Undergrad: 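Sending over a structure as C-alpha cells; questions will come in a sec.
Just so you know, these numbers come straight off a predicted model, no measurement behind them.
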Amino acid sequence: MDPLPLSPQVFSLLAGLVEERTGLHHGLDRRDLFAERVSTRAVERGLDTLLDYYYVLRYDDPDGAEMQHLVEALVIHETYLLRELDQLEVAADLLAERARAAGSARAWSAACATGEEPLSLAMLLDARGVLDRVELVASDVSGRALARAQEGRYGPRALRAPPPPPLEPWVDRWVERRPDGLVVRRELIERVRWRRVNLLDDAARRALGAFDAVLCRNVLIYFADDAARRVVQGIVEQLAPGGALFVGVSESLVRLRLPLECVERGGVFHYRRARP
Ligand SMILES: C[S@@+](CC[C@H](N)C(=O)[O-])C[C@H]1O[C@@H](n2cnc3c(N)ncnc32)[C@H](O)[C@@H]1O
C-alpha cells in the first residue's frame with residue numbers, strides 16, 4: 001500500500017499529538033516511516049486523508065483507544081536477553097544488598113518491551129539467592145509487547161551470545177533452548193507483575209509505588225528532551241532512599257539538567273537523586 005500523502009503541516013500536527021501523548025518524537029528524518037505507519041492505521045479505520053485521521057485522534061477518541069492502536073504501530077520493541085549485562089549485574093547486586101539488609105526490595109523495568117529485560121534481571125536475582133525477596137514490576141506502553149512478554153517464547157536471536165559461564169546454570173534453569181527458539185519457564189514469568197503504563201501518565205506511574213532500582217533503558221532516546229525530563233523527574237521521585245536509576249549505556253541524562261547524582265560502580269553508571 002502506498003502511504004497517504006502527508007503534508008508538512010499535517011505531519012507537524014500528527015507528530016506533535018503523538019509526542020504530547022507518549023513522548024515519542026518523530027523528526028523530519030523519520031517522516032517517511034511515520035507516514036507509512038500512520039497511513040496503514042488510517043486506512044484500516046476507513047479514512048481517506050491523514051488530516052481526517054488527525055481529527056479522529058484529536059476530537060473523536062475519548063478513551064484513547066485509537067491513539068493506543070497508533071502507538072502499537074509506532075513503537076520499537078528491539079530488546080534481547082541479558083542486554084547490557086554489566087548494568088543488569090550491578091542492578092541485581094544493589095537489589096540483593098537491599099533485600100538482605102531490609103528483608104525485601106522492589107525493582108521496575110519501566111519500558112520492558114517483550115519482557116527480556118525483567119526476565120533477565122529475575123535470573124540474576126535468582127543467581128544471588130534473593131529472587132523471592134525482590135518484587136519485580138515490568139511495564140510498557142504497548143499491550144501487544146506485554147502480551148508477548150507473558151508468553152515467554154522467543155526466537156533464537158533473543159540470546160545473542162552464550163551467557164558467561166557463571167550465569168549458564170541460571171539461564172539453563174529458566175530458559176529452555178530449543179532448535180527453533182527459547183521458552184522461558186512460566187514460574188519465572190509469573191514472578192513479574194506486568195502492567196501497561198505510559199511513562200507520561202504521571203498518575204499511572206506513581207501508582208506503581210517506590211523502587212530500589214529502576215531500569216529505564218533504551219526508551220528515552222525516542223523522546224524529545226521535555227518529555228524525557230518529565231519522565232526522569234517523575235521516576236527519580238519514585239526512587240526509595242538510596243535507589244538507583246539505570247538508563248541505556250548510550251544514553252546520558254546530563255542534557256536534561258536535573259538534580260541527579262551520577263554514580264559509578266564496577267565501571268557501570270547509574271543515577272540517584274542528588275543530595276540536598
Ligand atoms: C527499544 S525498547 C527497550 C526495551 C528494554 N528496556 C531494553 O533496553 O532492551 C523501547 C520500549 O519503550 C516502549 N515505550 C515507548 N514509549 C513509551 C511510553 N511513553 N511509555 C512506556 N513505554 C514506552 C516501547 O513500547 C518499547 O517497548
Side-chain angles (χ1 to χ4, degrees), residues 1-45 47-59 61 64-80 83-84 110-114 117 139-145 196-202 204-205 214-236 245-258 260 269 271:
M1 185 200 98
D2 284 338
L4 297 171
L6 180 61
S7 67
Q9 292 82 358
V10 177
F11 171 64
S12 157
L13 286 172
L14 276 167
L17 186 59
V18 168
E19 186 166 322
E20 176 190 314
R21 303 281 169 81
T22 65
L24 296 169
H25 175 71
H26 292 84
L28 279 175
D29 54 328
R30 300 190 70 210
R31 185 178 143 176
D32 290 347
L33 190 68
F34 184 81
E36 221 173 86
R37 299 197 171 161
V38 180
S39 294
T40 305
R41 182 60 204 156
V43 169
E44 273 168 19
R45 277 290 306 246
L47 298 165
D48 298 327
T49 73
L50 291 180
L51 182 60
D52 288 342
Y53 187 56
Y54 169 75
Y55 284 129
V56 169
L57 285 170
R58 172 64 84 188
Y59 302 111
D61 185 29
E66 185 50 43
M67 179 55 82
Q68 185 61 31
H69 273 292
L70 179 58
V71 168
E72 297 287 354
L74 291 174
V75 283
I76 293 162
H77 298 312
E78 163 71 11
T79 184
Y80 49 93
R83 182 179 194 179
E84 296 164 5
C112 70
T114 40
E117 180 179 271
S139 66
D140 199 280
V141 72
S142 165
R144 208 175 286 168
R196 191 162 77 75
V197 173
N198 179 349
L199 287 170
L200 254 69
D201 181 341
D202 295 336
R205 215 192 44 240
V214 177
L215 304 172
C216 186
R217 306 190 305 165
N218 305 302
V219 58
L220 298 171
I221 35 166
Y222 301 108
F223 287 13
D225 281 3
D226 282 351
R229 190 175 297 111
R230 184 169 140 202
V231 167
V232 172
Q233 196 151 20
I235 290 177
V236 167
L245 165 63
F246 294 82
V247 297
V249 289
S250 56
E251 298 171 296
S252 162
L253 300 184
V254 174
R255 69 187 161 105
L256 302 181
R257 298 174 197 282
L258 286 167
L260 298 170
F269 293 94
Y271 294 89

Undergrad: Does E19 use its side chain to pair, donor to acceptor, with the backbone of A224 at less than 3.5 Å?
TA: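 Pair absent, no side-chain N/O of E19 close to backbone of A224.
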
Undergrad: When rounded to the nearest 0.5 angstrom, what is the spacing between CZ in R30 and CZ in R37?
TA: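 One finds 7.0 Å between CZ of R30 and CZ of R37.
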
Undergrad: Identify whether the distance between the nearest side-chain nitrogen and carboxylate oxygen of R45 and D52 falls below 4.0 Å.
TA: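 No, this pair does not count.
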
Undergrad: If you compare all heavy atoms of C216 against all heavy atoms of V219, which two are closest, and at what distance to 0.1 Å?
TA: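 Looking at all heavy atoms of both residues, the shortest contact is SG-CG1, 3.6 Å.
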
Undergrad: Could you give me the CA-CA distance, side-chain angles and deciding distance for N218 and E84, then say whether side chain to side chain contact (heavy atoms under 4.5 Å, CB included) is met?
TA: CA-CA 11 Å; N218 305 302; E84 296 164 5; 3.6 Å; yes

Undergrad: Just do the side chain to side chain contact (heavy atoms under 4.5 Å, CB included) check on L245 and V236 with the steps written out, would you?
TA: CA-CA 7 Å; L245 165 63; V236 167; 4.2 Å; yes

Undergrad: Which residues pass the side chain to side chain contact (heavy atoms under 4.5 Å, CB included) test with R144, not counting sequence neighbours?
TA: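 Partners of R144 by the side chain to side chain contact (heavy atoms under 4.5 Å, CB included) criterion, ordered by chain and then number, come out as E72, S142.
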
Undergrad: How many angstroms lie between CG in L57 and CZ in R21, if you round to the nearest 0.5 Å?
TA: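 It is 7.5 Å, given to the nearest 0.5 Å.
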
Undergrad: How far apart are the closest heavy atoms of A110 and V214, and which atoms are they?
TA: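 So the two residues come closest at CB-CG1, 4.2 Å.
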
Undergrad: Between the side chain of Y271 and the main-chain N/O of L253, is any donor-acceptor distance below 3.5 Å?
TA: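 Such a contact is found between Y271 side chain and L253 backbone.
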
Undergrad: If you look at every heavy atom in H77 and A113, which pair is closest and at what distance?
TA: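 Nearest heavy atoms, H77 then A113: O-CB, 3.8 Å.
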
Undergrad: Working note: L6 + L14, criterion side chain to side chain contact (heavy atoms under 4.5 Å, CB included); need CA distance, chi angles, decisive distance, verdict.
TA: CA-CA 10 Å; L6 180 61; L14 276 167; 4.2 Å; yes

Undergrad: Does a sphere of radius 6.0 Å around CZ in R255 hold more than 12 heavy atoms from other residues, nucleotides or ligands, not counting ones at 6.0 Å or beyond?
TA: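 Buried by this count: over 12 neighbours within 6.0 Å.
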
Undergrad: Hey, what do you get for CG (L70) to CE (M67), rounding to the nearest 0.5 Å?
TA: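 One gets 6.0 Å once the value is rounded to the nearest 0.5 Å.
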
Undergrad: Is there a donor-acceptor pair under 3.5 Å between the side chain of D61 and the backbone N or O of A65?
TA: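 Such a contact is found between D61 side chain and A65 backbone.
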
Undergrad: Kindly say whether R83 contributes a backbone atom to a donor-acceptor pair with the side chain of E117 at under 3.5 angstrom?
TA: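 Checking the backbone N and O of R83 against the side chain of E117, no donor-acceptor pair under 3.5 Å is found.
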
Undergrad: Answer yes or no: does atom CG of D225 have more than 12 heavy-atom neighbours from other residues, nucleotides or ligands under 6.0 Å?
TA: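 Atom CG in D225 is crowded, with more than 12 foreign heavy atoms closer than 6.0 Å.
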
Undergrad: Looking at every heavy atom in both L4 and D48, which two are closest together, and how far apart are they?
TA: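 Minimum heavy-atom separation between L4 and D48: CD2-O, 3.5 Å.
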
Undergrad: Considering all heavy atoms of both residues, which atom of L50 and which atom of P5 are nearest to each other, and what is their separation?
TA: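 Minimum heavy-atom separation between L50 and P5: CD1-O, 3.7 Å.
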
Undergrad: Contact between H69 and E44 at the side-chain level, heavy atoms closer than 4.5 Å - yes or no?
TA: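 Not in contact.
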
Undergrad: Out of curiosity, Y54 OH to Y59 OH, how far, rounded to the nearest 0.5 Å?
TA: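 Between atom OH of Y54 and atom OH of Y59 there are 5.0 Å.
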
Undergrad: Minimum heavy-atom separation for L200 to A227, with atom names?
TA: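 That would be CD1-CB, 4.3 Å.
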
Undergrad: Could you tell me how the ring of H26 sits relative to the ring of F34: parallel (under 30°), tilted (30 to 60°) or perpendicular (over 60°)?
TA: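 Tilted: the ring planes of H26 and F34 meet at 30° to 60°.
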
Undergrad: Using the rule given for side chain to side chain contact (heavy atoms under 4.5 Å, CB included), can you reason through E66 versus R41, listing the C-alpha separation, both sets of side-chain angles and the distance that settles it, and then say yes or no?
TA: CA-CA 9 Å; E66 185 50 43; R41 182 60 204 156; 2.8 Å; yes

Undergrad: Can you tell me how far apart OH (Y55) and OG1 (T49) are? Round to the nearest 0.5 Å.
TA: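 Atom-to-atom, Y55:OH and T49:OG1 are 9.0 Å apart.
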
Undergrad: Quick one, T22 and Y222 - any side-chain contact, counting heavy atoms below 4.5 Å?
TA: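 No, every pair of side-chain atoms sits at 4.5 Å or beyond.
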
Undergrad: Compare all side-chain heavy atoms of V141 with those of D201 and state whether any distance is below 4.5 angstrom.
TA: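 They are not in contact (no side-chain heavy atoms under 4.5 Å apart), so the answer is no.
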
Undergrad: Atom CG in D32, atom CZ in F11: separation rounded to 0.5 Å?
TA: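 Going from the CG atom of D32 to the CZ atom of F11 covers 9.0 Å.
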
